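Just follow the structure's listing: the first ligand is 1, and inside any ligand the first atom is 1. All heavy atoms count here, side chains included; hydrogens, waters and symmetry mates do not. These figures come from a predicted structure and were not determined experimentally. Throughout, residue positions are numbered sequentially from 1 according to the sequence presented.
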Amino acid sequence: MPPNDSAWKAVPEMCRAAFADWDKAVVGLAEELMSILCEGMGIKSDKLKEELCLERRLSLSHYYPQCPQPELILGLTSHTDPCVLTVLVQNEVGGLLQIKCGEDWVNVDPVPGAIVINIGDLLQIMSNDEYKSVEHRVLANTEEGVRVSIAVLFTPSNLEKIYGPFPELISDEKPSVYNDFIYSEFIRRFEIKELAGKRKTDFCRIANTNKR
Ligand SMILES: O=C(O)CCC(=O)C(=O)O
Ligand SMILES: [Fe+2]
């Protein structure tokens, strides 16, 4: 949420100050990461910041109690994050968060003090496939302890802005693999679940370009 947004009022007063401190720390980390990711693409380091990708944050808190029939369900179904970047912290209950590597699911077990960073679909598109959004899921919890995680998803703050691969990354050798789109249209399709079960990046992928 942007600073001074009325959404802050939804945060209980007793934890508003702590939440604001957490938000500040997460934004600082994301700014540094976005700058490194821009350098990795060979574009100016504040490009993602300039594109308003630090301003809108969605904070998702997850609580996974012990499940009596874990073989029947997932804690969170397989998905990629519909954002630029995700910063995620998890408690010590491991063996549940997994990422897809090829055909395999690989555990992302908690490491004390470590933070999980996911590349989101929008960064995959903006980078013209230089970076790839990560498919992940959470298994149902079989342990007595509760698993808790907090994910902060960074998305552009201007919903009516046009996004697409950065022009600096497009050349005759590396043509654009995505059409430009209005961000609110991406959200609309995501919310009506039109993109469910597909790679969300496919909605603007130019036909006949290779999927990676
Ligand atoms: O609970 C987790 O570790 C995953 C949360 C997640 O993938 C999400 O909020 O998008
Ligand atoms: Fe996620």
For a quick check under 3.5 Å, do Glu135 and Ser78 share a side-chain donor-acceptor pair by atom type? yes
Using 30° and 60° as the class limits, which term best fits the ring planes of Phe186 and Phe181: parallel, tilted or perpendicular? tilted
Side chain to side chain, Asp46 and Lys44, heavy atoms closer than 4.5 Å: yes
Please list, in number order, the atoms of ligand 1 under 4.0 Å from a heavy atom of Leu97. 3 (O)
Side-chain ion pair, Arg188 and Glu191, N-O less than 4.0 Å: no
Arg205/Asp202 ion pair, N-O < 4.0 Å: yes
To which protein heavy atom is atom 6 (C) of ligand 1 closest, and what is the distance rounded to 0.1 Å? Leu76 CD2, 3.4 Å
Backbone N or O of Ile125 within a donor-acceptor pair of the Asp121 side chain at under 3.5 Å? no
Show me which atoms of ligand 1 lie under 4.0 Å from any heavy atom of Leu60. 9 (O)
Which atoms from ligand 1 have a heavy atom of Ser149 less than 4.0 Å away? 1 (O), 2 (C), 3 (O)
Going by the closest heavy atom to atom 7 (O) of ligand 1, which one wins out of Arg147, His136, Arg137, Gln98? His136
With carbon and hydrogen excluded and only N/O/S kept, which atom of Asp81 is nearest the Fe ion (ligand 2)? OD1
Salt-bridge test for Lys47 and Glu168: reply yes if a basic N is under 4.0 Å from a carboxylate O, no otherwise. yes
How far is atom 5 (C) of ligand 1 from its nearest protein heavy atom, and which residue and atom is that? His62 NE2, 3.4 Å
Heavy-atom distances under 4.0 Å decide this one: backbone, side chain, both or neither, for Leu96 against ligand 1? neither
Under 4.0 Å from ligand 1, counting heavy atoms only, is it the side chain of Asp81, its backbone, both or neither? side chain
Write the atom name of the N, O or S atom in His79 that is nearest the Fe ion (ligand 2). NE2
Could you list the atoms of ligand 1 found under 4.0 angstrom from a heavy atom of Leu88? 2 (C), 3 (O), 4 (C), 5 (C)
Proximal ligand 1 atoms for Ala151, defined as those under 4.0 Å from one of its heavy atoms: 9 (O)
With salt bridge (Lys or Arg N to Asp or Glu O under 4.0 Å) as the criterion, how do Lys161 and Glu51 come out once you've worked through the C-alpha distance, each side chain's angles and the decisive distance to 0.1 Å? CA-CA 9 Å; Lys161 195 167 156 52; Glu51 294 291 323; 3.2 Å; yes
